[in-house]
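This report concerns only the one structure given below.
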Amino acid sequence: MEVEDIKVCEPISILVNIFLNHGFKIIEQKVTDYHFHELYFKLEGKYFGGIDNINVDKIIRHNTNIFLCSCHWSIVELVYT
């Protein structure tokens, strides 16, 4: 997965794909820091029961809708519909 010619780190790629496989859609994606390959993804979809049990190495759940990657500090934000 790439965003504007910057490769997405594996933990974020895995996390985003989990949400895409559960019906979420990417509604925004951007590079927030080119130097550190820091990315931002906003996904929209319905809350599902397994969301509280997602466990991806190097992913920290900040709150109910924000996930951070500890390797590049990329962010995945969820918007529930």
Side-chain angles (χ1 to χ4, degrees):
M1 180 184 294
E2 293 185 22
V3 176
E4 298 179 30
D5 299 325
I6 292 184
K7 186 172 176 10
V8 178
C9 67
E10 185 177 5
I12 289 291
S13 183
I14 291 169
L15 183 65
V16 168
N17 282 316
I18 288 170
F19 291 125
L20 293 176
N21 289 334
H22 281 89
F24 279 75
K25 294 182 177 138
I26 297 172
I27 58 174
E28 184 180 349
Q29 60 185 17
K30 62 185 174 183
V31 178
T32 52
D33 189 317
Y34 283 95
H35 179 74
F36 293 108
H37 297 247
E38 185 179 304
L39 307 170
Y40 169 82
F41 292 90
K42 183 183 266 187
L43 287 83
E44 182 178 66
K46 295 198 180 297
Y47 179 89
F48 60 94
I51 202 165
D52 293 325
N53 299 321
I54 291 175
N55 185 13
V56 177
D57 190 37
K58 298 185 180 174
I59 296 292
I60 301 161
R61 188 167 185 187
H62 181 67
N63 59 35
T64 58
N65 65 326
I66 301 287
F67 294 80
L68 306 168
C69 178
S70 64
C71 58
H72 290 93
W73 299 109
S74 294
I75 296 172
V76 173
E77 179 180 2
L78 302 179
V79 175
Y80 300 113
T81 56

In Å and rounded to the nearest 0.5 Å, what is the [atom1] to [atom2] distance from [X] to [Y]?
| X | Y | atom1 | atom2 | value |
| --- | --- | --- | --- | --- |
| T32 | E38 | OG1 | CD | 3.5 Å |
| H72 | K58 | NE2 | NZ | 9.0 Å |
| K30 | I75 | NZ | CD1 | 9.0 Å |
| E10 | I59 | CD | CD1 | 10.5 Å |
| N55 | I14 | CG | CD1 | 11.0 Å |

Does [X] share a hydrophobic cluster with [Y], counting links as ILVMFWY side-chain heavy atoms below 4.5 Å and allowing steps through other members?
| X | Y | result |
| --- | --- | --- |
| I54 | L20 | yes |
| F36 | I60 | no |
| I18 | V79 | no |
| L78 | V56 | yes |

Quiz item: Taking only residues two or more places apart in sequence or in another chain, which ones pass ring-ring contact (aromatic ring centres under 6.0 Å, His included) with H22?
Solution: F48
Quiz prompt | Heavy-atom closest pair, residues Q29 and I26 | solution = OE1-CG2, 3.8 Å
Quiz item: Is the centre of the F41 ring less than 6.0 Å from the centre of the F24 ring?
Solution: no
Quiz item: Of I12, V31, V8, which is the lone residue that meets side chain to side chain contact (heavy atoms under 4.5 Å, CB included) with S74?
Solution: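 Only one of I12, V31, V8 forms a side chain to side chain contact (heavy atoms under 4.5 Å, CB included) with S74, namely I12.
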Practice problem: Could you check D52 against R61 for side-chain contact (heavy atoms from CB on, under 4.5 Å), going step by step and ending with a plain yes or no? | Solution: CA-CA 9 Å; D52 293 325; R61 188 167 185 187; 2.9 Å; yes
Exercise. Could you walk me through whether E77 and Y40 pass side-chain hydrogen bond (donor to acceptor under 3.5 Å, both in side chains), step by step?
Key: CA-CA 8 Å; E77 179 180 2; Y40 169 82; 2.4 Å; yes
Exercise. Could you go through the side-chain contact (heavy atoms from CB on, under 4.5 Å) check for F67 and L43 one step at a time?
Key: CA-CA 11 Å; F67 294 80; L43 287 83; over 6 Å; no
